[in-house]
Amino acid sequence: MAEAARKQRSPAAPRPVRCIVKLGGAAITNKGKLESIDEESLRSACAQLRQAMSESDGTAPEKVRGMDWSRRPGDPADPVVDAEGFAGMAGLGLDSNFVVVHGAGSFGHFQASRSGVHKGGLHSTLVKAGFVATRISVTSLNQEIVRALAREGIPSVGMSPFACGWSTQRRDLASANASQIIESLHAGFVPVLHGDAVLDESLDCTILSGDVIIRHLAQLLTPKYVVFLTDVHGVYDRPPTDPNAVLLKEIEVDDNGGWSIVKPALQGNRKEVEISVAAHDTTGGMETKILEAAAIARLGVDVYITKVDTEHSLRALKGDVNTSSDDWLGTVIRAAK
């Protein structure tokens with residue numbers, strides 16, 4: 001993957017990206033219900049992202065001018081287009097130098113697991129049909145997330161890794177053309193990518209997870225920080241459903257990729273992290289998330305993992321996290337000093 005990153009150093013990257021945001025599939029969809037969006041969580045995440053981007057001092061309420069001018073089935077009237085308002089604006093008043101990547105949640109995983117797309121083998125009619133079905137599902141979610149961001153006045157544009165020519169070699173990223181992403185950032189847009197079904201040089205096809213996409217983009221764009229918004233407050237020493245689970249507030253990663261729990265100090269043999277992966281999750285679940293977050297931290301980029309739709313997620317999006325304080329709930333993964 002490092003070789004893939006080196007191949008994508010042109011065109012010249014824009015000013016350092018402020019933040020790459022991962023909207024976890026479990027945080028913005030109802031994973032127990034096929035292709036169901038958690039509208040409240042998604043709306044909150046988009047509103048908080050706008051707050052984090054806002055260049056105002058916060059003393060006066062901002063008027064949000066929506067950019068979703070399309071009509072949806074069932075809408076009682078045509079969309080309101082504030083053309084005069086936009087024409088009179090000198091700028092959007094937003095630091096739009098963000099990249100958003102989202103997971104699939106209840107979109108795509110069902111189709112991929114039923115057909116075996118993640119295992120490859122396009123000679124199989126079932127796999128080929130599943131590839132098509134998976135992409136229909138994940139791109140439909142991508143469109144809805146772009147629409148939700150646009151309704152908050154965020155100039156977002158959807159980008160599919162498959163359509164951009166991203167591919168893998170035995171599930172490892174082999175080709176990742178980021179020129180369209182970089183050019184979009186130059187133009188003041190917020191690229192919105194997603195986990196996707198892609199072609200694989202050895203397996204024919206597989207699933208490229210959003211967490212792997214974030215690691216590559218972090219290598220390429222060197223953001224100030226990365227935020228993972230999930231359905232739990234962070235990384236625990238065991239599944240968070242366990243009543244004895246402890247939130248790990250700070251993890252350090254050394255140069256060799258080894259990591260240690262800095263805060264809190266765990267006793268006895270409770271220094272390991274137990275991983276649980278949902279049966280239908282074709283991308284590795286929390287295990288992949290932790291490994292990719294550790295790889296990003298080795299680059300010198302702090303990673304914040306916290307729960308969506310909370311005061312803690314807003315602080316993370318703003319980069320306002322202090323691990324010495326106990327009033328922030330989440331996990332910080334950073335390079336060892």
Side-chain angles (χ1 to χ4, degrees), residues 14-24 27-28 40-62 64 91-102 148-149 152-156 185 188 190-192 211 214-215 217-218 221-236 247-253 261-264 289-290 292-294 296-337:
R15 57 192 170 91
V17 169
R18 180 174 160 194
C19 177
I20 299 177
V21 182
K22 168 67 186 300
L23 298 178
I28 58 172
E40 183 177 347
S41 290
L42 178 57
R43 189 182 307 112
S44 173
C46 294
Q48 288 189 348
L49 192 53
R50 178 184 172 83
Q51 286 181 264
M53 292 178 176
S54 177
E55 296 174 344
S56 73
D57 57 11
T59 57
E62 293 182 275
V64 175
L92 294 174
L94 299 177
D95 173 10
S96 60
N97 218 20
F98 282 64
V99 176
V100 174
V101 181
H102 65 83
L149 290 165
E152 287 294 329
I154 298 173
S156 51
L185 287 165
V190 176
V192 184
D211 298 326
I214 285 185
R215 173 162 52 137
L217 293 180
L221 301 174
T222 57
K224 294 181 180 179
Y225 52 96
V226 169
V227 176
F228 285 75
L229 297 182
T230 72
D231 61 336
V232 293
H233 279 296
V235 179
Y236 290 79
L247 176 65
L248 308 180
K249 300 201 70 175
E250 187 172 355
I251 297 172
E252 286 190 349
V253 183
I261 300 166
V262 175
K263 186 178 181 181
K289 190 183 308 298
I290 294 173
E292 298 300 340
I296 293 169
R298 288 178 66 189
L299 302 172
V301 177
D302 287 356
V303 178
Y304 308 138
I305 304 176
T306 192
K307 189 174 183 178
V308 71
D309 192 18
T310 63
E311 62 177 291
H312 314 290
S313 55
L314 178 58
R315 288 176 58 181
L317 291 170
K318 290 182 175 180
D320 180 24
V321 173
N322 182 358
T323 55
S324 63
S325 172
D326 291 328
D327 66 349
W328 185 75
L329 289 181
T331 300
V332 178
I333 303 180
R334 56 166 50 110
K337 301 176 182 177

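These numbers come from the heavy atoms of this one structure, side chains and all, not from hydrogens, waters or symmetry mates. If you read the sequence from its start, that first residue is 1, and numbering goes on from there.
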* To do: Taking all heavy atoms of D326 and all of K263, pick out the closest pair and write down the distance.
  => OD1-NZ, 3.3 Å
* Asked: Would you call V100 and L49 a side-chain contact if the rule is heavy atoms closer than 4.5 Å?
  -> yes
* Structure fact -> Interatomic distance, CG@D302 vs SG@C19, rounded to 0.5 Å, equals 11.5 Å
* Structure fact -> Taken to the nearest 0.5 Å, the spacing of H312 NE2 from Q48 CD works out to 10.5 Å
* Asked: Would you say the side-chain atoms of T331 pair up with the backbone N or O of V235, donor to acceptor, closer than 3.5 Å?
  -> yes
* Minimum heavy-atom distance V192-S156, with the two atoms named -> CG2-CB, 3.8 Å
* Measure from the side-chain N and O atoms of Y225 to the backbone N and O of L317, and report whether any donor-acceptor pair falls under 3.5 Å. => yes
* Can you tell me how far the CG atom of L247 sits from the NE2 atom of H233, to the nearest 0.5 Å? -> 8.0 Å
* Do the side chains of D211 and F228 get nearer than 4.5 Å, heavy atoms only? -> yes
* Structure fact -> Heavy-atom closest pair (A293 atom, V303 atom, distance to 0.1 Å) is O-CG2, 3.7 Å
* Enter the distance from L248:CG to I261:CD1 here, rounded to the nearest 0.5 Å. => 4.5 Å
* To do: List for me each residue that meets salt bridge (Lys or Arg N to Asp or Glu O under 4.0 Å) alongside K224, sequence neighbours excluded, and say none if there are none.
  => none
* To do: Step through the shown structure and confirm whether more than 12 heavy atoms of other residues, nucleotides or ligands are within 6.0 Å of CD on E55.
  => yes
* Is there a side-chain contact between V262 and R334 (heavy atoms, below 4.5 Å)? -> no
* **Pairing residues for R50 by the salt bridge (Lys or Arg N to Asp or Glu O under 4.0 Å) criterion, not counting sequence neighbours** => E62
* Asked: Heavy-atom distance under 4.5 Å between the side chains of K307 and L329, does that happen here?
  -> no
* To do: May I ask you to decide if T310's main-chain N or O and S313's side chain share a donor-acceptor pair within less than 3.5 Å?
  => yes
* **Minimal non-hydrogen separation, V308 against A45, with atom names** => CG2-CB, 3.9 Å
* Taking the side chain as C-beta and beyond, is there a heavy-atom pair between L92 and P155 under 4.5 Å? -> yes
* Rounded distance [0.5 Å steps], CD1 in I28 versus SG in C46 -> 8.5 Å
* Asked: Taking side chain as C-beta onward, heavy atoms only, is T222 less than 4.5 Å from L299?
  -> no
* Structure fact -> Residues I305 and W328: closest non-hydrogen pair is O-CH2, 4.1 Å
* Structure fact -> Residues pairing under salt bridge (Lys or Arg N to Asp or Glu O under 4.0 Å) where one sits in residues 312-324, two or more places apart or in two chains, turn out to be R315-D327
* **Over all atoms of both residues, closest heavy-atom pair of G330 and T306** => CA-OG1, 4.0 Å
* Side-chain contact, heavy-atom cut-off 4.5 Å: N97 with L185? -> yes
* Asked: Are side-chain heavy atoms of L314 and Q51 found at a separation under 4.5 Å?
  -> yes
* Verify, without hydrogens or angle tests, whether S96 (side chain) and G188 (backbone) share a donor-acceptor contact under 3.5 angstrom. => yes
* Between CG on residue D231 and CG on residue D309, distance to nearest 0.5 Å -> 12.0 Å
